[in-house]
Structures are given as C-alpha cells and as structure tokens.
Amino acid sequence: MQAHQPTFHRFVALSNRCWHRQPSKFRAFCSSSSSSDCSNQSRGGLPRFFSEVLPPSKGGVVRVQGDEFWHMTKVLRLSTNDRVELFNGKGGLVRGNIQSVDRAGLDFAALEDPKLVPPQRPQWHVFAAFGSLKGGRADWLVEKCTELGASSVTPLLTERSPSVSENRVDRLQRLILAASKQCQRLHEMVLKPPQKINDILPYVQKSKLSLLAVAEAPSLMSALTSSRIEPDGIMIVGPEGDFTEKELSILMEAGATAVGLGPHRLRVETATIALLATLMLWSDHHQVTKT
C-alpha cells in the first residue's frame, strides 16, 4: 500500500507559497478527441478527486488524506464501497472504490489499471497583467483560464501594473485545483511566477504563434485565418489602461502579432477569457478536422 496525503500545494508548481520556485511542466487537459478517456461527471460519471500518487495497477491501494479525504467523506458523504476516480494532474486517471475509512483517511483500491491521457495540442500559455485587479476579478480570470484549458498563466508586470501580491498564491492554487476538478481536466494548469515584459521576449521570439491583444488592431479572426496550428502558442493581454506605446513596440518587434477583440473597450479579465476561449475553439476545430 502506498500512503499519500494530498495537499493543494502539491497540485501546482509553487508549493511553498512563493512565486520564485521552478514551475512544473504539466500541460493542459485532454481534448475532446480523447473524450472516451475522460468521463464527464456532469453526465453521470464518477466523482473525481486529486491524488498525487495513483495505484500502479489494478488491485493497488493508495491512502487518501487531508482536504480530499474531507471532501469525499464530510461534504459528499461517501463511504466504503462507493466508486470514485482519482487523477494526478499529469494525465493519469484510475477508477476504483473506497476500501475502508477511518478517522485519519481512507484507502482507495483500483478496479482497473490507470490510464494516461495525452495533453491537448496546442498548449496555450497566457501572459496577462492582472496584478492590479481587485474584487475577485483576478480569481475569476485564473479560474476561467483553468476551465478553458490554458496550459499556464503568468502574471505580467508592466508599467501600469508593476506588481502582484504574493499573498494571492495560496488562494489561486486552491482555485486552480477546484476548477480542475469541476471541469474534469486531467493535466494541471501551471501558475507561473510574475514576469516583466523584457523577461518574456525570448518566449515571444521563439514562438511561431504569439498573439497580442491590442485595441483597434486587425481582428483576431483575420489573424487566425492566416495562421497555422502550432504545438505551442502564446497570448498576451495588457493591464488596465493598456500597454504603453514602448511596451507594444517591444513586443511586436519580438514577433508578437497584434489582434483586435472587437469595437468595445474590454476589462483585463474579459479580454483574456474572450481571447483564450476563441483560441481553444479554433484549436479544437483543427484537431477535429484532422481526425
């Protein structure tokens, strides 16, 4: 038997409440083309919970403790012989049942060999200047990026949004885990340390698909019509008040393509989700047409 006490902090790369740890390399959730391997809880699938460790094979047992144990037994009132699923945030998924329950935790027994679901392509990496957002708007942005399938989110530091509070890390990590379970994604979204404009220029230069939200720029759909699908893509959204002319110039000289999101002035979180949702649908369309 393998013992494991899952925590929210192990689910994402920034486990010690600090922005400056090395981020993990997990990727986004499985695509619709792999839907047979991703049961949908909203359509009658089994309840799904996070566990860093999965049973290695059918009949294997792992110990579930901590927050997930509380959720399973105190919130959902699950007990012995109830069937559930465990996922590890790396594409691993296994079905099983609760073998036994005690005060400290429960034992989960696998009823099948674990499945490994590949990540969706392309991997969309979000750079958004949301440090100055208040009233839960940054929480909403990160939660919806998780649900839509972003591979990573990086807080972008700009002249008009120069800082991000490290006190937010814990809360945002919990939101990512909760949103991942709700939307049934199997690959975690990575919350990366904040970066300045100059720090992301190498990523923009290397990327063959780097989109920059800019007011009054040519439409996003026009840019996508002339673009090829790539394994990885970058999307960049500025702060309240937008980028400065100098920042826009630097990003575009590095290779970012300016795209417009319509005739209205959008909030940071609105622009981020509008752009990401369009890119995810565009990517999914290309995946479906290939099959």
side-chain contact (heavy atoms from CB on, under 4.5 Å), paired with Leu54, selected from Leu116, Val62, Leu86, Leu93:
Leu86
Does any N or O in the side chain of Arg160 come within less than 3.5 Å of the main-chain N or O of Gly241, such that one atom is a donor and the other an acceptor?
yes
Looking only at the side chains, is there a donor atom on one of Ser249 and Glu253 sitting less than 3.5 Å from an acceptor on the other?
yes
Out of curiosity, Glu247 CD to Thr158 OG1, how far, rounded to the nearest 0.5 Å?
5.0 Å
Could you measure the distance from the CG atom of Leu266 to the CG atom of Asp242? Nearest 0.5 Å is fine.
10.5 Å
Give the intermediate values and the outcome of salt bridge (charged side-chain N to carboxylate O under 4.0 Å, His left out) for residues Arg95 and Glu85.
CA-CA 4 Å; Arg95 296 183 180 183; Glu85 292 178 336; 2.9 Å; yes
Should the pair Phe50 and Phe87 be assigned to parallel (<30°), tilted (30 to 60°) or perpendicular (>60°) ring geometry?
perpendicular
Residues Arg77 and Asp82 bridged, charged N to O under 4.0 Å
no
Do Leu191 and Ile273 share a hydrophobic cluster, counting only Ile, Leu, Val, Met, Phe, Trp and Tyr and linking them when any side-chain heavy atoms are less than 4.5 Å apart?
yes
Roughly how far apart are Thr80 OG1 and Ile98 CD1, rounded to 0.5 Å?
7.0 Å
Is it true that Leu212 and Leu276 fall in one hydrophobic cluster, defined by side-chain heavy atoms closer than 4.5 Å?
no
Locate the shortest heavy-atom distance separating Met252 from Ala258; write the atom from each residue and the value.
CE-CB, 3.9 Å
Counting heavy atoms not belonging to Glu240, are there more than 12 under 6.0 Å from its CD?
yes
CA sep, side-chain torsions, deciding dist, call: Asp102, Arg63, salt bridge (charged side-chain N to carboxylate O under 4.0 Å, His left out):
CA-CA 11 Å; Asp102 56 46; Arg63 184 76 167 166; 2.7 Å; yes
Going by atom types only, do Asp113 and Ser57 share a side-chain donor-acceptor pair under 3.5 Å?
no
Pair His71, Lys181: side-chain N/O donor-acceptor within cut-off below 3.5 Å
yes
Using the rule that Ile, Leu, Val, Met, Phe, Trp and Tyr join whenever any side-chain heavy atoms are under 4.5 Å apart, tell me whether Leu261 and Trp124 fall into a single cluster.
yes
Counting neighbours of OH on Tyr203 that are heavy atoms of other residues, nucleotides or ligands and sit closer than 6.0 Å, is the number greater than 12?
no
Give the cluster check for Leu156 versus Leu251: same hydrophobic cluster or not, with ILVMFWY residues linked at side-chain heavy-atom distances below 4.5 Å.
yes
After noting the C-alpha distance and the side-chain angles of Phe130 and Arg137, does the key distance pass the side chain to side chain contact (heavy atoms under 4.5 Å, CB included) rule?
CA-CA 8 Å; Phe130 60 83; Arg137 291 163 58 196; over 6 Å; no
Interatomic distance, OG@Ser180 vs CD@Glu147, rounded to 0.5 Å, equals 9.0 Å
State the CD1-CG distance between Ile234 and Leu279, to the nearest 0.5 angstrom.
12.0 Å
Side-chain donor-acceptor contact under 3.5 Å, Ser219 with Ser222:
yes
